[in-house]
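Here's the structure we're looking at; comments come further down.
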Amino acid sequence: MNDGPGTDEPTGSGLAAERARRTAHVEDLRGDGAEPYPYRFDRTHTLNDVRRQWGDVDSGTETDDEVTVAGRILLWRDTGKLIFVTVGDRRGELQLFISKAVIGDEAFVAAKRLDLGDLIGVHGTVMTTRAGELSVRTDRIDLLAKALRPLPDKWKGLTDTDTRFRQRYTDLIVNAEARRTFEIRHEMVASFRRTLAGLDFVEVETPVLHVNAGGALARPFVTHHNTLDMDLHLRIAIELHLKRLIVGGLERVYEIGRVFRNEGTSPRHNPEFSILELYQAYGDHTEMMDITQRLIVTAAQEALGTTQIDISGEGVDLADEWPRRRMIDLVAEATGVEVHPSQPLDVLRELAGRHGVAVQPASSTGKLIEEIFEATAESSIKRPTFVTGHPLDISPLARADRDDPALAERFELFVDAREIANGYSELNDPVEQRTRFEAEQRLRDAGDADRGTIDEDYLRALEFGMPPTGGLGVGIDRLAMLLAGVDTIKEVILFPTLRPEQ
RNA sequence: GCGCCUCUAGCUCAAUGGCAGAGCAGUGGACUCUUAAUCCAUUGGUUCUGGGUUCGAAUCCCAGGGGGCGCACCA
């Protein structure tokens, strides 16, 4: 689109002409000694404040109560010498009653030059129209910022998802649903912080730039530090740094932050996403399940005002019991065949093939069980369910189950067929951890780019002694999707990753 | 990365091989209680881009670009 500043004067309509018209308005104001972009404006009430305080005033009442409000012009109904304007701020909308007789001839003429999209500050008295609409009987209007571009249609809004995500500012102006979604996301994260503060956790910030990105199975982004002249990876998890802090004696730590995984996008994946990771000394995976449930139920209550949510058309109360089911049991139920990582590879390969899993030659028995789980049982999990007892060989940082050395003391929380959280009893035996790292390194060398490397500094930390520890990671974006009731991750990320325009 | 779908005015959408249109927004006019105000008039187009087929292409074909969905990868 050609939307550069026009030097000549477009006539007629269209975007260029519209911008020229509005720019001319700005010039005219400056010519008259007015400031179209003043530095500040002090309002006495938000639009919802006015509603709360005067919402029950009878129809046709004019009060003497003065208010100063601000907002963006969203609708304009001009009946000649009386104009009704709907303005909106971040949480509400309110009508302005602009009467020529009240505001005066000169100001009325100036008001008529305002456009949809302009930001204005208004002084007046609170009234209710004969039709019962709460309004501000306006006696003064200040232009706070001129909008040079026209807004999308107020009622149809934006439908093109590309435009909505690229121009999120426009989406947020016209789409109350979008504003609500991000408000829920904010409340959810704020709730996490309150809950964790109540449990005596401390919030920390650890490096995003890693020499070797570890703590998860994923391919990292590579970047470069110029003066150190070295390649660095963006972190794929926060885990290993937080556990160093457990070694350091911080006992209860968490970080809410961004991690980066060099993978494709989907309705459930964005290359950068947000995660809450927390670690608690002297706890194990069962305690982590309790905390997960508490964090999420509390967040739902505080962000939505209820624990009742809709999961693909089905009403679910998050406050109900969350079942804890072993992965191998769920697979057995779904396939009718008992499975265990100790079984011969051939048996599991055959079962995987029968359920449509594309078997990689390098897949271990544990990996096959996980894939069979994903192919058969995962999609039927709607209500919150802890899937536990993952095969140990796909859980290189988790402790072995105290009753079954082939399984990990690990859980993943699934809701609506999506993984929301992951936690375990943390492996704190440095010798065992080295063996696991070495196995990862071998798989990596064999061509599995998602596998990890040996992190010597982390091993050194463990050698100083890490207390028994429970760890948890919660996918912020996916949980926000669940609470906001949206079905793509781009709806809960303000600026999702997109290819550049043009 | 592969497959399918999609892209028309600032926004929302029509036009299915035969004159590129409507509603909203904009512009001009009327109106002092509107509620997506209403009424009259009216401006506005690189039909994503580049090729091709055809007397004629928004429409059919090819290539490219953006987006969506599915698969793969993954949380």
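Chain naming here is simple, since letters A, B, ... match the order of the sequence lines and numbering starts at 1 in each.
Under the rule for a side-chain contact (heavy atoms from CB on, under 4.5 Å), the partners of L209(A) that lie at least two apart in sequence or sit in another chain are T223(A), L232(A), L234(A). With sequence neighbours excluded, no residue forms a side-chain contact (heavy atoms from CB on, under 4.5 Å) with S380(A). Among residues two or more places apart in sequence or in another chain, the salt bridge (charged side-chain N to carboxylate O under 4.0 Å, His left out) test is passed with D160(A) by none. The side-chain contact (heavy atoms from CB on, under 4.5 Å) test applied to S364(A) returns K367(A), D393(A), not counting sequence neighbours.
Atom pair E133(A):CD and U34(B):P shows a separation of 11 Å (rounding to whole Å applied). For L74(A) and U34(B), the CG to C1' distance is 16 Å, given to the nearest whole Å. At whole-Å resolution of the value, CZ in R19(A) and P in C11(B) are 13 Å apart. Following rounding to the nearest Å, N175(A) (CG) and U12(B) (P) show an atom-to-atom distance of 12 Å.
Figure legend. U16(B) is base-paired to no nucleotide; pairs are counted as Watson-Crick or G-U wobble with both atom distances under 3.5 Å.
For the C1' atoms, the distance linking U47(B) with C31(B) amounts to 39 Å, nearest Å. To the nearest whole angstrom, the two C1' atoms, one in G18(B) and one in G28(B), are 36 Å apart. With C1' as the reference atom, G10(B) and U35(B) are 24 Å apart, rounded to whole Å. Only the C1' atoms considered, C24(B) is 22 Å distant from A58(B), to the nearest whole Å. Rounded to a whole angstrom, the distance from the P atom of A37(B) to that of G26(B) is 10 Å. Taking atom C1' in both G23(B) and U8(B), the straight-line distance is 15 Å, to the nearest Å.
Residue T488(A) is classed as a sugar-phosphate contact, given heavy-atom separations below 4.0 Å to backbone atoms only. Within 4.0 Å of A218(A), counting heavy atoms only, lies no atom of the nucleic acid at all. Among the protein residues, I275(A) comes within range of no part of the nucleic acid, since none of its heavy atoms lies under 4.0 Å from any strand. Using a 4.0 Å heavy-atom distance criterion, G475(A) is classed as making no nucleic acid contact. Within the 4.0 angstrom heavy-atom criterion, only backbone atoms of the sugar-phosphate kind lie near E419(A); the bases stay farther away. Across all strands, R137(A) comes closer than 4.0 Å to no nucleic acid atom at all (heavy-atom distances). Residue N270(A) is in base contact, counting any heavy-atom pair closer than 4.0 Å across all strands shown. Looking at heavy-atom distances under 4.0 Å, F165(A) makes no contact with the nucleic acid at all.
Within the structure, the salt bridge (charged side-chain N to carboxylate O under 4.0 Å, His left out) test picks out the following pairs touching residues 46-59 of chain A (sequence neighbours left out): D49(A)-R52(A). The salt bridge (charged side-chain N to carboxylate O under 4.0 Å, His left out) analysis of residues 477-490 of chain A, with sequence neighbours excluded, yields the pairs R185(A)-D477(A). Within the structure, salt bridge (charged side-chain N to carboxylate O under 4.0 Å, His left out) contacts touching residues 80-91 of chain A (residues at least two apart or in different chains) are R43(A)-D89(A), R91(A)-E183(A).
At least one side-chain nitrogen or oxygen of R21(A) sits closer than 4.0 Å to the OP1 or OP2 atom of U27(B). Dashed line: the shortest gap from a side-chain N or O of R261(A) to OP1 or OP2 of C73(B) is not under 4.0 Å. OP1 or OP2 of G68(B) sits under 4.0 Å from a side-chain N or O of K490(A).
Mapping K367(A) and L498(A) onto RNA chain B via the closest heavy atom, the residue that lands nearer the 5' end is L498(A).
Counting atom types as modelled, T79(A) pairs no side-chain N or O with a base atom of U32(B) as donor and acceptor under 3.5 Å.
Side-chain atoms of L397(A) and Y424(A), non-hydrogen and from C-beta on, do get closer than 4.5 Å to each other.
Shown for residues 151-163 of chain A: residues whose heavy atoms fall under 4.0 angstrom of RNA chain B, namely P152(A), D153(A), W155(A), K156(A), G157(A), L158(A), T159(A), D160(A), T161(A), D162(A). Taken residue by residue, residues 85-105 of chain A places heavy atoms nearer than 4.0 Å to RNA chain B at Q95(A), F97(A), S99(A), A101(A).
Distances from the side chain of R77(A) to the nucleotides G66(B), A37(B), A72(B) place A37(B) closest.
Between Y279(A) and F201(A), the ring centre distance reaches or exceeds 6.0 Å.
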